[in-house]
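Here the structure is a predicted model, which means the values were calculated and not measured.
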Amino acid sequence: MRLRLQEAALELYLERGYDKTTAGDIAARAGVTERTFFRHFADKREVFFDGEAELRDLLTGAVAAVPAGTKPLPTLRAAFHQAVPLIERNLPVTERRAPVIAATPALQERALAKTAALVAALTDALVARGVAGPLAALCAQVGMDTYAIAVRRWGADRTDDLHTHLDRAFTDLRLAANALK
């Protein structure tokens with residue numbers, strides 16, 4: 001049911017735009033009642049951000065699984081590598097929804113909130129590994145930004161796989177940090 005609602009929402013957002021589509025429209029397109037829609041999603045924005053908990057849990061679990069003593073940024077790099085199969089699996093939907101998000105301030109705001117929540121979860125996961133709070137927060141933010149750069153690069157150039165783009169982005173981060181010395 002959730003997938004039917006998500007597909008209906010995406011179709012309608014692409015046809016009409018986000019602002020001209022209601023939860024009722026999405027429910028009708030999916031062949032269910034509006035009440036059913038609200039059993040699955042809090043509002044029409046959440047249809048696009050359903051996988052947030054899965055990604056958060058995967059990343060924080062991957063951080064916890066990295067061997068003790070590993071520094072924060074290499075820990076995050078390893079965790080982001082663990083997320084690659086999930087990102088690849090969701091790519092067809094992600095590509096279709098990207099223009100809708102880019103054209104819709106309410107969805108852009110939700111995407112930023114999702115990223116902030118992931119940074120907070122990664123910060124907590126690093127603190128649980130013994131990293132001091134301020135350093136954990138800095139590393140989580142920089143790591144998430146580096147991950148986002150890798151995903152954007154991969155979206156623009158699929159010659160190499162996402163793992164390769166991640167490694168390059170983290171190498172670029174290291175080079176940039178070394179330039180501060």
For residues 172-181, run the donor-acceptor check on the side chains, cut-off 3.5 Å, and write out each pair with its distance to 0.1 Å, sequence neighbours left out.
| residue | atom | partner | partner atom | Å |
| --- | --- | --- | --- | --- |
| D172 | OD2 | R153 | NH1 | 2.9 |
| D172 | OD2 | R153 | NH2 | 2.9 |
| N178 | ND2 | R174 | O | 3.4 |

- If you measure from CG on D160 to CG on L166, what distance do you get to the nearest 0.5 Å?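 Atom-to-atom, D160:CG and L166:CG are 12.0 Å apart.
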- Query: Within 45° of the ring axis of W154 and under 6.0 Å from its six-membered ring centre, is that where the NZ or CZ of R158 lies?
  - Reply: yes
- Task: Output yes when R110 and E46 qualify as a salt bridge under the 4.0 Å nitrogen-oxygen rule, no when they do not.
- Result: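 E46 and R110: salt-bridged.
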Pairs satisfying side-chain hydrogen bond (donor to acceptor under 3.5 Å, both in side chains), at least one member in [range], at least two apart:
range: residues 137-146; value: Q141-D145
range: residues 59-74; value: none
range: residues 115-140; value: none

- Is there a side-chain contact between V151 and H165 (heavy atoms, below 4.5 Å)?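 No, their side chains stay 4.5 Å or more apart.
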- Query: So, do C139 and V131 sit near enough that their side-chain heavy atoms are less than 4.5 Å apart?
  - Reply: no
- Item | Partner set under side chain to side chain donor-acceptor pair (under 3.5 Å) for R96, not counting sequence neighbours |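 Residues passing side chain to side chain donor-acceptor pair (under 3.5 Å) with R96: E7.
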- Task: Just do the side-chain hydrogen bond (donor to acceptor under 3.5 Å, both in side chains) check on T164 and D167 with the steps written out, would you?
- Result: CA-CA 5 Å; T164 301; D167 289 338; 5.7 Å; no
- Take K44 and T22, measure what side chain to side chain contact (heavy atoms under 4.5 Å, CB included) needs, and give me the verdict at the end. CA-CA 7 Å; K44 68 181 190 172; T22 67; 5.8 Å; no
- Would you mind listing every ring pair (Phe, Tyr, Trp, His ring centres under 6.0 Å) that reaches into residues 59-89, with sequence neighbours excluded?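 Every pair satisfying ring pair (Phe, Tyr, Trp, His ring centres under 6.0 Å) with a residue in residues 59-89: F80-Y147, H81-H163.
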